[in-house]
Amino acid sequence: MVPQSIGCQILEIVSELEGTVFSLDLFEKQVGDEIVTLLQNGRKFEECNDTNELESFHQAASRLGISSSRAALTERKALKKVIERARMEEDKRKESIVAYLLHLMRKYSKLFRSEVSDDDSQGSTPCSPTVLGSLEDGGSGGSGCAFERQLSKLNSFNFKPNIRRSGQIPLPPEELRCPISLQLMYEPVVIASGQTYERICIEKWFSDGHDTCPKTQQKLPHLSLTPNYCVKGLIGSWCEQNGVPIPDAPQESLDLNYWRLALSASETANSQSMDNVGSCNFKEAKVVSLEKSGTIKEVEVNESENESQCPQEEVSEINVLERYQEFLSVLNEEENLMESCKVVEQIRLLLKDDEEARIFMGANGFVEGLLRFLESAVREGNAMAQEIGAMALFNLAVNNNRNKELMLAAGVIRLLESMISNSNAHEAATALYLNLSCLEQAKSIIGSSKAVLFLVQLLGHETDAQCKLDALHTLYNLSTDHSNILNLLSAGIVNHLQSLVVSGDHTWTEKSITVLINLTSSETAKEEMVSASDLITGLASVLDAGKPIEQEQAVSCLLLLCNGNEKCSQIVLQEGVIPALVSMSVNGTTRGREMSQRLLMLFREQRQRD
């Protein structure tokens with residue numbers, strides 16, 4: 001199908017691709033192996049004091065660019081969708097693995113910063129849960145969504161596993177490391193519980209309002225700090241023996257472990273004041289961040305601030321479920337159509353951009369409830385309620401084939417037939433037909449219903465442009481199913497498409513010709529198109545004055561009609577298309593040049609036979 005020279009080039013490319021070997025980044029493989037190890041260990045969800053788990057999770061999150069609360073929310077939603085698919089596929093192994101990953105995302109959700117703007121002060125705030133104060137770089141950062149950008153700039157991750165595990169730097173004994181920062185201590189101090197901490201870390205803990213030991217959670221009788229000279233001497237001896245520099249300054253940062261301990265303390269406090277609520281609420285949790293000056297700034301985090309920083313922040317799942325249940329109760333029990341209409345409008349708006357809501361509502365009876373509402377609206381002849389109900393169903397079906405299938409099974413096509421017969425809510429009905437026609441098994445069902453005549457007639461009406469465009473797109477989807485073509489022809493689709501082509505309105509030209517091309521898969525349709533008085537003339541006009549993409553579609557359609565049909569070829573030649581075809585063979589789109597050359601060749605062969 002291509003010239004030999006191009007064929008040789010294609011073969012060279014194919015040969016090169018066959019010899020290409022893609023390799024996995026070693027650090028990425030290391031992070032993946034750590035997560036796999038966590039899975040293999042079969043850790044229970046309630047365990048929350050595993051530093052290795054926290055470290056591995058942070059490494060994976062940073063590698064994936066999950067650095068903000070919004071990115072974390074997006075990741076959780078994506079994981080929930082994978083779980084839903086695994087349940088539908090009855091893949092228990094996949095479901096359990098993804099459930100564990102979702103658990104990690106929820107467990108450490110507070111480690112992610114809120115979205116910030118691109119000014120210097122906010123851009124310099126570490127997005128890592130480790131808040132390092134060295135800030136040697138000193139430059140302005142910008143917000144940056146990936147951990148890596150911030151980590152390379154701020155050096156904010158103190159574990160350095162890629163160095164420590166390589167054997168270049170030995171790991172200090174646990175008793176010489178601060179339980180909060182997990183770093184070698186510079187100024188070890190003892191608190192009332194007998195535990196030893198880095199002074200700056202435990203001072204931050206106390207200044208944050210805690211009166212417990214971070215490690216044991218024991219309530220302390222006093223907050224006095226006593227220098228631990230014994231441990232300091234041991235640290236010096238260990239550093240000398242292992243060739244490690246003795247710490248010459250205190251760590252100016254908190255570390256991952258600080259956040260884990262702070263979250264654990266908050267969970268403990270909240271669980272004592274809440275009667276076994278399934279998820280903890282951190283409305284008053286305090287977050288300590290380090291400014292460039294090295295001073296500590298205490299920020300009170302509450303729901304209103306979270307919403308202002310990140311409008312899409314996650315709402316309490318319990319409240320959301322309660323709200324959904326209220327909506328469903330109204331749909332199932334409310335007899336007043338106008339009261340139900342208000343709730344359906346809220347559902348429509350909620351479903352507009354929330355894919356997670358579509359999944360939940362589709363699986364929990366909202367399809368049936370919305371169809372009952374729409375049936376009541378049709379029965380009462382309320383056009384406004386019909387429009388709202390149809391658009392709520394439209395939003396529920398967007399990018400969700402499962403919900404489309406539920407609607408088909410519940411009789412949505414029959415209901416739409418009643419709607420288009422008895423009301424003027426044509427725009428909403430057409431939009432819903434378009435959405436449903438994207439589902440392969442729906443095409444034959446819609447194609448054998450009253451929808452075909454309704455949609456074809458819309459092409460000839462002086463109706464809303466968007467409605468006509470939706471009808472044309474729906475007819476395109478239906479025309480891809482060969483079993484629908486006879487019904488489309490019976491509804492007069494060729495004449496209506498012909499009118500759109502000859503109108504010269506670029507809004508319809510390309511899409512109309514595309515539907516005609518689909519129809520040429522039927523010999524009956526080809527005969528009707530050749531017999532149509534003005535269709536060939538309209539296509540020839542497009543070759544002369546149409547846009548390049550319209551010309552490409554027109555010449556493709558003419559080639560399909562003329563191939564094996566000398567009568568059609570003669571009609572096309574009588575329209576004087578040769579100059580336009582020659583021009584296209586040089587100046588058209590890639591496919592347009594190819595199609596025009598093939599059509600010219602076809603005409604030449606027929607002339608030679610004559």
Nearest 0.5 Å, please: how far is [atom2] in [Y] from [atom1] in [X]?
{"X": "Lys352", "Y": "Asp354", "atom1": "NZ", "atom2": "CG", "answer": "13.0 Å"}
{"X": "Glu550", "Y": "Leu543", "atom1": "CD", "atom2": "CG", "answer": "11.0 Å"}
{"X": "Glu552", "Y": "Arg591", "atom1": "CD", "atom2": "CZ", "answer": "5.0 Å"}
{"X": "Asn587", "Y": "Gln551", "atom1": "CG", "atom2": "CD", "answer": "9.5 Å"}
{"X": "Lys77", "Y": "Glu355", "atom1": "NZ", "atom2": "CD", "answer": "9.0 Å"}
{"X": "Asp544", "Y": "Leu539", "atom1": "CG", "atom2": "CG", "answer": "12.0 Å"}

Is a side-chain N or O of [X] found less than 3.5 angstrom from the main chain of [Y], in a donor-acceptor match?
{"X": "Arg358", "Y": "Leu351", "value": "yes"}
{"X": "Ser479", "Y": "Tyr476", "value": "yes"}
{"X": "Ser596", "Y": "Gly592", "value": "yes"}
{"X": "Arg593", "Y": "Val586", "value": "no"}
{"X": "Asp91", "Y": "Ala86", "value": "no"}
{"X": "Thr520", "Y": "Ile517", "value": "yes"}
{"X": "Gln498", "Y": "Leu535", "value": "yes"}
{"X": "Asn565", "Y": "Cys568", "value": "yes"}
{"X": "Ser503", "Y": "Leu500", "value": "yes"}
{"X": "Asn395", "Y": "Arg348", "value": "yes"}

Is the shortest heavy-atom distance from the side chain of [X] to the side chain of [Y] under 4.5 Å?
{"X": "Cys467", "Y": "Asp470", "answer": "no"}
{"X": "Leu350", "Y": "Met361", "answer": "yes"}
{"X": "Arg402", "Y": "Leu406", "answer": "yes"}
{"X": "Glu356", "Y": "Ile359", "answer": "no"}
{"X": "Lys80", "Y": "Glu84", "answer": "no"}
{"X": "Leu396", "Y": "Met407", "answer": "yes"}
{"X": "Leu581", "Y": "Val555", "answer": "yes"}
{"X": "Ile446", "Y": "Asn477", "answer": "no"}

Please report the C-alpha distance between Leu17 and Ile13 in whole Å, then the side-chain angles of each, then the deciding distance to 0.1 Å, and finally whether the side chain to side chain contact (heavy atoms under 4.5 Å, CB included) criterion is met. CA-CA 6 Å; Leu17 288 174; Ile13 294 172; 4.1 Å; yes

Take atom CD in Glu89; do more than 12 heavy atoms of anything else shown fall under 6.0 Å from it?
-> yes

I would like to know whether Glu427 and Gln466 meet side chain to side chain donor-acceptor pair (under 3.5 Å); could you show each step before the answer? CA-CA 8 Å; Glu427 291 85 354; Gln466 185 60 55; over 6 Å; no

Note to self: Strictly below 4.0 Å, N to O, side chains only: are Arg87 and Glu90 in salt-bridge contact?
What the structure shows: no

Lys468 bridged to Asp464 by N-O distance under 4.0 Å
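Answer for the salt bridge query: no.
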
Contact summary for [X] and [Y], nearest pair of heavy atoms:
{"X": "Asn487", "Y": "Gly447", "value": "ND2-O, 2.9 Å"}
{"X": "Lys443", "Y": "Ser437", "value": "CE-O, 3.3 Å"}
{"X": "Val82", "Y": "Lys94", "value": "CG1-CD, 4.3 Å"}

Q: Step by step, work out the side chain to side chain contact (heavy atoms under 4.5 Å, CB included) result for Thr537 and Val502.
A: CA-CA 8 Å; Thr537 302; Val502 302; 5.9 Å; no

Query - Residue pairs fulfilling ring-ring contact (aromatic ring centres under 6.0 Å, His included) with at least one residue in residues 425-461, sequence neighbours excluded - result: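 Every pair satisfying ring-ring contact (aromatic ring centres under 6.0 Å, His included) with a residue in residues 425-461: His426-Phe454.
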
Original post:
Between Ile445 and Leu436, does a side chain to side chain contact (heavy atoms under 4.5 Å, CB included) hold up when you go through it step by step?
Top reply: CA-CA 10 Å; Ile445 300 174; Leu436 294 170; over 6 Å; no

Evaluate the side chain to side chain contact (heavy atoms under 4.5 Å, CB included) criterion for residues Ser569 and Val572: first the C-alpha distance (whole Å), next the side-chain angles of each, then the deciding distance (0.1 Å), finally the verdict.
CA-CA 5 Å; Ser569 297; Val572 173; 5.8 Å; no

**Message:** I need the single residue from Asn484, Leu489, Ile493, Leu488 that forms a side chain to side chain contact (heavy atoms under 4.5 Å, CB included) with Val452. Which is it?
**Reply:**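 Answer to the side chain to side chain contact (heavy atoms under 4.5 Å, CB included) test with Val452 among Asn484, Leu489, Ile493, Leu488: Leu488.
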
